[in-house]
Amino acid sequence: YVYKCVCQQHSELLYSDLTSKITAHLQQVSTQLQASPPENLIENFNVALTQYLASLQCIVPVFIYLNKFYIESKLNRDMKEDLMKLFADHVAEKHLSKLMPLLIKAHSMPFQVQPSTMASVVKGLYSLRPEWAQLAPALFSSFIPQIHPAAVESRLPDYADHDRKLQMELSMNGFPRGDQSRKRASEDS
């Protein structure tokens, strides 16, 4: 049917119908997330994002002919990117102000949220809009490489000081340095 619609010059209408159908679905998803209690928002957002990404794995191939001969050639865009933008606009952006503080809090308290869920949500947000990483660089850098600028030699003492403070903080919070007695003895003795 997609091939037939494209061949009969109905590409614009088909694409318009597809995006309006998906937009309506995403507005329902957003409404459901709005009703979600804060303690479940991260998990529910992850489920919504994961389901949407799985759906795109089916939708995009079905409409590949439309993508190739209308969206890419006439609109100079890509269907998958357009559909990802719909999710960003209609779901993620609407819940970002509630989601980000919850993610930051959950990240500061290990295992409050499953690590795989945290990674999925943070990577998903980054794939939707990389600029969102600037809202919480410490959070995003834990899951995505190269969020922070590259290390420079002149700042090595600062890095060492930061690591020393982190080790002290961990030891004060009950994380021992480990059994030092099993270390290899120095060859000097």
Requested in this report: Show your working on side-chain contact (heavy atoms from CB on, under 4.5 Å) between L49 and V121 and close with a plain yes or no.
Outcome: CA-CA 8 Å; L49 179 60; V121 170; 5.8 Å; no

Report task. Could you please spell out the steps behind the side-chain contact (heavy atoms from CB on, under 4.5 Å) verdict for H10 and K4? Result -> CA-CA 9 Å; H10 298 297; K4 202 172 189 179; over 6 Å; no

Query raised in the report: Any side-chain heavy atom of V6 within less than 4.5 Å of one from K68?
Result: no

Query raised in the report: Applying the 4.5 Å side-chain criterion to the ILVMFWY set and letting contacts propagate, would L53 and I64 be lumped into a single cluster?
Result: no

Report summary line: Which of I71, V2, L66 passes side-chain contact (heavy atoms from CB on, under 4.5 Å) with S11? It is L66

Query - For K98 against Q34, the heavy-atom pair lying closest together - result: NZ-CG, 4.1 Å

Query raised in the report: What distance separates L102 CG from F45 CZ, expressed to the nearest 0.5 Å?
Result: 12.0 Å

**Report entry** Flag, side chain of S16 to backbone of E12, donor-acceptor distance under 3.5 Å
**Finding:** no

Query raised in the report: Is the backbone of Q27 close enough, under 3.5 Å, to the side chain of T31 for a donor and an acceptor to pair up by distance?
Result: yes

Requested in this report: Assess whether atom CD of E131 is packed by more than 12 heavy atoms of other residues, nucleotides or ligands within 6.0 Å.
Outcome: yes

Query raised in the report: Should V91 and H25 be marked as a side-chain contact (heavy atoms from CB on, under 4.5 Å) after you check the CA-CA gap, both sets of side-chain angles, and the distance that decides it?
Result: CA-CA 10 Å; V91 180; H25 170 72; over 6 Å; no

Query raised in the report: Has K80 got more than 12 heavy atoms of other residues, nucleotides or ligands less than 6.0 Å from its NZ?
Result: no

Query raised in the report: Just wondering, do H95 and S30 contact through their side chains at under 4.5 Å, heavy atoms?
Result: yes

Query raised in the report: For F69, does the CZ atom have more than 12 heavy-atom neighbours from other residues, nucleotides or ligands under 6.0 Å away?
Result: yes

Query raised in the report: If you round to the nearest 0.5 Å, how far is CZ of F63 from CG of L56?
Result: 11.5 Å

Report task. Kindly say whether V152 contributes a backbone atom to a donor-acceptor pair with the side chain of Y159 at under 3.5 angstrom? Result -> yes

Report task. Identify the two heavy atoms, one from C58 and one from P61, that lie closest to each other, and give their separation to 0.1 Å. Result -> O-CD, 3.4 Å

Query raised in the report: Can you name the nearest heavy-atom pair linking E43 to T117, along with the distance?
Result: OE1-OG1, 3.4 Å

Query raised in the report: So, for S36 and N44, which heavy atoms are closest and what is the spacing to 0.1 Å?
Result: OG-ND2, 2.6 Å

Query raised in the report: Which heavy atom in A92 sits nearest to a heavy atom in L125, and how many Å separate them?
Result: CB-CD2, 4.3 Å

Report task. Measure the spacing between CD of Q134 and CZ of R129 and express it to the nearest 0.5 Å. Result -> 14.5 Å

Report task. Would you give the length of the straight line joining atom NZ of K85 to atom NE2 of H90, rounded to the nearest 0.5 angstrom? Result -> 8.0 Å

Report summary line: Minimal heavy-atom distance between M100 and A136, with the atoms involved, is SD-CB, 4.1 Å

Requested in this report: Evaluate side-chain contact (heavy atoms from CB on, under 4.5 Å) for K165 paired with D161, printing each intermediate quantity in order.
Outcome: CA-CA 6 Å; K165 287 178 184 173; D161 188 45; 3.4 Å; yes

Query - Heavy-atom side-chain contact between M79 and Y70 under 4.5 Å - result: no

**Report entry** Beyond-backbone contact of Y52 with L26, side-chain heavy atoms, under 4.5 angstrom
**Finding:** yes

Query raised in the report: To the nearest 0.5 Å, how far apart are SG in C5 and CG in L18?
Result: 11.5 Å

Query raised in the report: Are any of the side-chain heavy atoms of N46 and V113 separated by less than 4.5 Å?
Result: no

Query raised in the report: Hey, are the side chains of D82 and L86 touching, using non-hydrogen atoms and a 4.5 Å cut-off?
Result: no

Query raised in the report: Considering residues, nucleotides and ligands other than E72, do more than 12 of their heavy atoms fall under 6.0 Å from its CD?
Result: yes

**Report entry** Side-chain touch F143/H107, heavy atoms, less than 4.5 angstrom
**Finding:** yes

**Report entry** Residue of the set V47, N40, L41, L99 for which side-chain contact (heavy atoms from CB on, under 4.5 Å) holds with L33
**Finding:** L41

Query raised in the report: So do the side chains of F87 and I22 get within less than 4.5 Å of each other, counting heavy atoms only?
Result: no

